[in-house]
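Note that this is a predicted model, so its numbers are computed, not measured. In this chain, numbering begins with 1 at the start of the sequence shown.
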Amino acid sequence: MKVLSLILTALIILLQYPLWLGKGSWLKVWEVDQQVVAQHETNQKLKARNAALDAEVRDLKQGYDAIEERARSELGMIREDEFFFHITEDSEKKFSEEQTEGEGSLK
């Protein structure tokens with residue numbers, strides 16, 4: 001009887017091995033499922049980025065406002081009849097100090 005129960009136990013263990021540790025095991029299925037979830041999240045981020053790029057391309061193809069905006073912001077371009085004033089923080093600080101000093105002397 002003991003031999004029969006040992007044989008049946010060994011047979012059950014041999015049948016369970018592929019289910020838990022083999023090529024198509026539960027562990028492998030779980031790992032692949034986790035990879036699918038991670039890839040799905042990556043795909044969603046890339047879809048959002050692609051949609052933004054597509055909208056930008058359509059905007060650039062349809063009108064000159066987007067082209068002008070990009071030329072102004074990225075390339076620092078101005079129109080022919082425009083003037084460009086660049087105010088730095090030091091100039092603003094000096095100007096505000098002069099303003100307060102001038103107000104104090106008037107009193």
Side-chain angles (χ1 to χ4, degrees):
M1 195 55 124
K2 286 186 177 184
V3 175
L4 182 61
S5 63
L6 286 174
I7 291 174
L8 287 175
T9 304
L11 185 62
I12 290 172
I13 291 173
L14 286 174
L15 288 174
Q16 290 290 316
Y17 176 78
L19 180 65
W20 295 103
L21 303 171
K23 187 175 182 180
S25 67
W26 289 108
L27 183 62
K28 299 284 184 185
V29 169
W30 182 78
E31 288 175 358
V32 169
D33 189 44
Q34 295 300 317
Q35 290 175 354
V36 167
V37 168
Q39 189 64 47
H40 182 69
E41 291 172 1
T42 303
N43 288 349
Q44 291 300 321
K45 290 176 186 175
L46 291 174
K47 281 182 183 179
R49 186 195 68 164
N50 287 347
L53 289 174
D54 184 46
E56 187 175 346
V57 166
R58 276 187 274 118
D59 193 29
L60 288 172
K61 284 182 178 180
Q62 288 177 356
Y64 290 105
D65 292 337
I67 296 170
E68 182 179 343
E69 178 185 343
R70 184 167 271 200
R72 287 176 182 271
S73 65
E74 293 181 8
L75 302 175
M77 300 178 94
I78 59 173
R79 286 188 181 167
E80 196 170 309
D81 296 333
E82 290 181 334
F83 295 102
F84 177 72
F85 295 97
H86 182 73
I87 301 173
T88 60
E89 288 183 30
D90 293 337
S91 299
E92 291 175 2
K93 186 176 179 182
K94 188 182 267 187
F95 179 72
S96 65
E97 287 175 2
E98 290 173 2
Q99 288 281 337
T100 56
E101 287 175 5
E103 290 173 0
S105 63
L106 292 176
K107 290 182 180 180

For residues 40-49, please give each side-chain donor-acceptor pair under 3.5 Å, one per line with the distance, not counting sequence neighbours.
{"unit_1": "T42", "atom_1": "OG1", "unit_2": "A38", "atom_2": "O", "d": "3.0"}
{"unit_1": "N43", "atom_1": "OD1", "unit_2": "Q39", "atom_2": "NE2", "d": "3.1"}
{"unit_1": "N43", "atom_1": "ND2", "unit_2": "Q39", "atom_2": "O", "d": "3.4"}

Verify side-chain contact (heavy atoms from CB on, under 4.5 Å) between R79 and R72, making sure each step is shown before the conclusion. CA-CA 9 Å; R79 286 188 181 167; R72 287 176 182 271; 3.6 Å; yes

So if I apply the side chain to side chain contact (heavy atoms under 4.5 Å, CB included) rule between T9 and each of I13, I12, I7, which one comes out positive? I13

Point-to-point distance, once rounded to the nearest 0.5 Å, from CD of E31 to CH2 of W26: 14.5 Å

